[in-house]
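Note sheet for the following structure.
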Amino acid sequence: MTCAPNLYGINMYVVSVLDNGDQRTFVSESLKILDRIVYATICGSPKQFLLSEVVDIVPVDAKPTKAPTTRDVASLVQ
């Protein structure tokens, strides 16, 4: 089972899936991937998508942290 960890205050995900050839995008309150099936809570209702239908999953950072990001640290080193 693969769960998206919530180590950084992430409480939303933008999920894009293919639906009969069209791309649909949803905001999910929780996300879990188990046996090539993506389980997402969308508008309070549980939904399931085949992993092969998922175009992209983007976590939304609810609370930006003051800790430097990897990109910021890399720019400081250069």
Side-chain angles (χ1 to χ4, degrees):
M1 173 169 67
T2 304
C3 292
N6 195 4
L7 301 175
Y8 302 103
I10 298 169
N11 63 0
M12 288 190 302
Y13 301 87
V14 177
V15 182
S16 295
V17 297
L18 290 178
D19 181 25
N20 293 323
D22 294 328
Q23 184 173 334
R24 303 204 183 271
T25 304
F26 305 99
V27 175
S28 174
E29 296 91 25
S30 69
L31 189 74
K32 177 173 58 171
I33 302 172
L34 176 64
D35 294 332
R36 297 184 182 171
I37 298 177
V38 177
Y39 298 91
T41 303
I42 299 170
C43 294
S45 299
K47 304 289 183 191
Q48 297 178 17
F49 306 101
L50 294 175
L51 188 58
S52 61
E53 296 173 341
V54 174
V55 175
D56 202 4
I57 298 173
V58 179
V60 177
D61 189 3
K63 296 184 262 181
T65 62
K66 294 186 181 191
T69 63
T70 305
R71 185 184 319 168
D72 293 338
V73 172
S75 66
L76 292 174
V77 172
Q78 295 175 352

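Reckoned from all heavy atoms, side chains included, excluding hydrogens, waters and symmetry mates.
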Practice prompt. Show your working on side chain to side chain donor-acceptor pair (under 3.5 Å) between Ser28 and Thr41 and close with a plain yes or no.
Written response: CA-CA 5 Å; Ser28 174; Thr41 303; 5.5 Å; no

Worksheet item: Which value, rounded to the nearest 0.5 Å, describes the distance between Asp19 atom CG and Arg24 atom CZ?
Response: 4.5 Å

Fill in: Co-membership, hydrophobic cluster, residues Val55 and Val15, 4.5 Å side-chain
no

Item to complete: Working to the nearest 0.5 Å, report the span between CD1 of Ile37 and NZ of Lys32.
Response: 10.5 Å

Item to complete: Is it possible for you to say whether Val14 and Met12 belong to one hydrophobic cluster, with membership spreading through side-chain heavy-atom contacts below 4.5 Å?
Response: yes

Fill in: Exercise: identify the closest heavy-atom pair between Tyr13 and Pro59
CD2-CA, 3.7 Å

Worksheet item: Which distance, rounded to the nearest 0.5 Å, do you find between the CD1 of Ile33 and the CD1 of Ile57?
Response: 4.5 Å

Worksheet item: Going hydrophobic residue to hydrophobic residue with side-chain gaps under 4.5 angstrom, can you get from Leu51 over to Phe26?
Response: yes

Worksheet item: Going from CD on Gln48 to CG on Leu34, what distance comes out if it is rounded to the nearest 0.5 angstrom?
Response: 9.5 Å

Worksheet item: What are the two closest non-hydrogen atoms of Gly44 and Glu29, and how far apart are they?
Response: N-OE1, 3.5 Å

